[in-house]
Amino acid sequence: MKKKKWRRGMAYGMAAVLFAGILTACSGGSEGAAPAGSKVESGQTEGKNGYPASFSYWVELDGDSAVSMTNFNENEAYKKLEEMTGTKVDFKHPTGGGTQIQEQFNLMIASRNLPDVIQTNWLTVPKGPQNAIDDGTIIRLNDLIDQYAPNFKKYLDEHPDIANMIKTDKGDIYAFPFIREDDRLKVYYGPVIRKDWLDKVGMQPPTTIDEWEQVLTAFRDKDPNGNGKKDEIPFLLEVGAVRNDLLNSMIGAWGILDKFYQKDGKVYYGEIQPEFEQFLTTMHKWYTEGLIDKDFAAVDGKLKDAKTAGNQLGLLYGYSSGTIGKFTDLMKDSVPGFKMTALPNPTLNKGEVSAAGMISPTYPGEHSAAITSAAKHPEQIVKWLDLAYSDEGHMLFNFGIEGKSYTMVNGKPEYTELITDNPDKLTFKQAQAKFMRTQYGGPFVQDVESFLQQMKYPEQLDSLDVWSKAKNNLQLPLMTLTSEESSKIASIMNDVNTYSDEMVVKFIMGTEPLSNFPKYVEALKSFGIEEAIQVEQAALDRYSKR
Amino acid sequence: MSSYFTRLCRDLVRNRAVYFMLLPVVAYYVIFHYGPMYGLQIAFKDFSPAKGIGGSPWVGWKHFESFFGSVYFGRILGNTLLLSLYSLIFFFPTGIIFALLLNELRSGKLRKAVQTISYMPHFISLVVIVGMLFDFLARDGLINQVLGYLGIEAIPFMRSPGWFRTIYISSEIWQSIGWSSIVYLAAISTVNPTLYEAARMDGAGRFKQMWHVTLPGIIPTITIMLILFIGKFMTVSFEKIILMYNPVIYETADVIQTYVYRKGILEADFSYSAAVGLFNAVISFALLITANAVAKKLGETKLW
């Protein structure tokens, strides 16, 4: 009897649990389908001194921050900002990385479940920033900035060229931008070589593609890591970085960029040029000779780190802090004599300067904060975001808290040991991430001092000089497209990129013979690459007229 | 008619606990399967989030036309069909064979052990399974090391278009062989023992008993499972492919659903991907109907 009762109770219990499960699933489902009017996420209320009492802010939680926090509310700079304004910011961080963030962003926009502020690269969102304004996703900021953002307005008035960059062709300002004003902030990526290996094989730092080949061959044959095994990976080629407009790895040696570029105001597409075939031919030769990592087609950050930390990799493309600084920190004890230095961007002929290397534009597009149509009091949020462009905000985002993360020495801010030599064994950038945002980016003007002081080792400082030696006159400016142009480019480039991602790797691995290169060019043309070039040309012409 | 409703009402009251337990299932289908069909109209529209599903302008068959005209149409359709066909040929029979083999095991303990071990992979997350695949099949992974001892040069399994289907299907078999045999084992246990006795009397050995008694006994179950399988013919394991593939093997690994994912979710071209998804669903639906009709013709077993 007792048992039966128990069973019955159990059955009702189960049913109730199931039902509750459905109910929660149900409310989740209807939330996604909520019409534009019901702002579930926007929790903005009125605040004091013209600042909002609270608002929601969608922003990626970068890797260096994720080490010590789960939410930007734990960041000292934002804590201080809350003290100053009384504003409680509800940070919403997407989970995962890369395409997962892209996915969450697109779904958020499509579901109209908008937070008040979205920080992302608005230049690369589907259909572009102008469309986002026209669609009513984000709002035009020009008038609000004139009225409520005195600091940012002052900055734009003093820098009319930058004011130009952050606008659409129509003249709309769509976001509070991340600005790399000083030229020394713009170059931080390039070829990195194991100097100790180079010394071991008795060679000079290579500058031309031919010299690269000789050094890589020596790395392959002469056992520079000295473990008696032929396990060296001479060079890690990352096709993604070659095909990246910002990084331009390798390709500058051949005098072109991989995708769209311009020469004397005329737009070209790199992958259909004969120079690109030469590039593929060389890379294919290196691959067959075992100079390029066999896994290069499927390499990711983790694998790259593993190969570098495994004392196997001789030459790679990397960052001044993220690669040279990080691995020198990591390896100097375990591998005696470990030394990484920067190599200049390679060229075809001795004494030349590479046509292009990595260079960030003054306004890179990324880390820019736009206000959405969900915000009830955008003017208050404008006032809050404007703080980052004031002197006080500038120090806060670039150096953190005075007396804690930095001290003033002879009128100049200097990071304390908490940052440079963190007691919790945090790396420089990880320590910075607890106090400021300069190590990653955000809507403020980056201070060159905050960047130079990251350079703990002389090799890091040298790298900035070495890598900046490139002509860099092929890159297109950051043009904005109309929404029709954007969708046209998107549809053409989707086919092109899918095909090229596949074919470039196949050409290098040799599964597709290089004699088929003309066919590849034909295929790109059939996808409409020439039409895409015309669109870019029109956008460039408009940009030059701004 | 009214008597039907009175009967229904009476039944509802009498068996309220059962209906109460059914409610979540009904709600699930209404909310997650029938509700979203409202949104299917965006396949015929130029969907813009700002205008909403209802407010976006109609564009007719535009997205379907551009999909059928796309360079990748043939490839992704072919890949989807081939992958399904291979799993029908190689994967589908494994559960049946495994169940028949298990049935022949005399030792109860051994049988339990084999069953438990073979179910186990089913409970491992797909992410972990694919992670294991990457580890085992890496250049310096287990398989390549074994091949190395045999003097065979390392094969870049996860980066060879030619290997993708083999890896996909065989890992599928490894993961699901035990699980998919459960339903057949259940069917086998319903076969009347007197039939075996009779067969033994007639001098049938164990193989003959299996062939002439067990197998015909579970044919109805096999048919139902086959119809259900064909209904899902166009639905390959999308998550698994997403985890496994990279641009180098798009040639064989890119299927309709991964294409929809890249187009729709990553590039925010929702209308286009809705059109592709709808196309996929219509084919599945047609296949299911056909399979059921054929089964009806051939025998008595059918879904409806």
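Sequence lines set the chain letters: A, B, ... in the order given, protein chains first and strands last, and positions in each chain run from 1. Only heavy atoms go into these numbers, but all of them, side chains included; no hydrogens, no water, no symmetry mates.
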Max heavy-atom pair count under 4.5 Å with chain B, selected residue of A:Asn131, A:Asp295, A:Val504: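 Of the options given, most contacts go to A:Asp295.
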Is [X] atom [atom1] crowded by more than 12 heavy atoms from other residues, nucleotides or ligands, each under 6.0 Å away?
{"X": "B:Phe285", "atom1": "CZ", "value": "no"}
{"X": "B:Tyr19", "atom1": "OH", "value": "yes"}
{"X": "A:Lys488", "atom1": "NZ", "value": "no"}
{"X": "B:Tyr149", "atom1": "OH", "value": "no"}
{"X": "A:Lys294", "atom1": "NZ", "value": "yes"}

Measure the [atom1]-[atom2] distance between [X] and [Y] for me, rounded to the nearest 0.5 Å.
{"X": "B:Asp269", "Y": "A:Ser487", "atom1": "CG", "atom2": "OG", "answer": "8.5 Å"}
{"X": "B:Ser70", "Y": "A:Asn494", "atom1": "OG", "atom2": "CG", "answer": "8.5 Å"}
{"X": "B:Ile249", "Y": "A:Lys506", "atom1": "CD1", "atom2": "NZ", "answer": "10.5 Å"}
{"X": "B:Arg262", "Y": "A:Gln102", "atom1": "CZ", "atom2": "CD", "answer": "14.0 Å"}
{"X": "A:Asp495", "Y": "B:Lys263", "atom1": "CG", "atom2": "NZ", "answer": "6.0 Å"}

Tell me, for [X] versus chain B, whether the close heavy atoms (under 4.5 Å) come from the side chain, the backbone, both or neither.
{"X": "A:Met509", "answer": "side chain"}
{"X": "A:Ser500", "answer": "neither"}
{"X": "A:Thr137", "answer": "neither"}

Toward chain A, the part of B:Tyr272 with a non-hydrogen atom under 4.5 Å: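 Answer is neither: B:Tyr272 stays 4.5 Å or more from chain A.
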Region of B:Lys51 in contact with chain A, defined by heavy-atom distances below 4.5 Å: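 It is neither, since no heavy atom gets under 4.5 Å.
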Closest non-hydrogen atom pair, A:Asn106 against B:Phe270: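 Of all heavy-atom pairs spanning A:Asn106 and B:Phe270, the closest is O-CZ, 3.8 Å.
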For A:Val505 against B:Val248, the heavy-atom pair lying closest together: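 Between these two residues, the closest heavy atoms are CG1-CG2, 3.6 Å.
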Min side-chain heavy-atom separation A:Tyr499-B:Tyr72 under 4.5 Å: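 Yes - at least one pair of side-chain heavy atoms lies under 4.5 Å apart.
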Residue pair A:Pro126 / B:Glu267, side-chain heavy-atom distance below 4.5 Å: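 With C-beta onward as the side chain, the pair stays apart.
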Salt bridge (charged side-chain N to carboxylate O under 4.0 Å, His left out) between A:Glu502 and B:Arg159, worked out: CA-CA 11 Å; A:Glu502 192 179 319; B:Arg159 276 173 294 114; over 6 Å; no
Exam field: side chain A:Asp501 to backbone B:Pro247, donor-acceptor pair closer than 3.5 Å: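 No.
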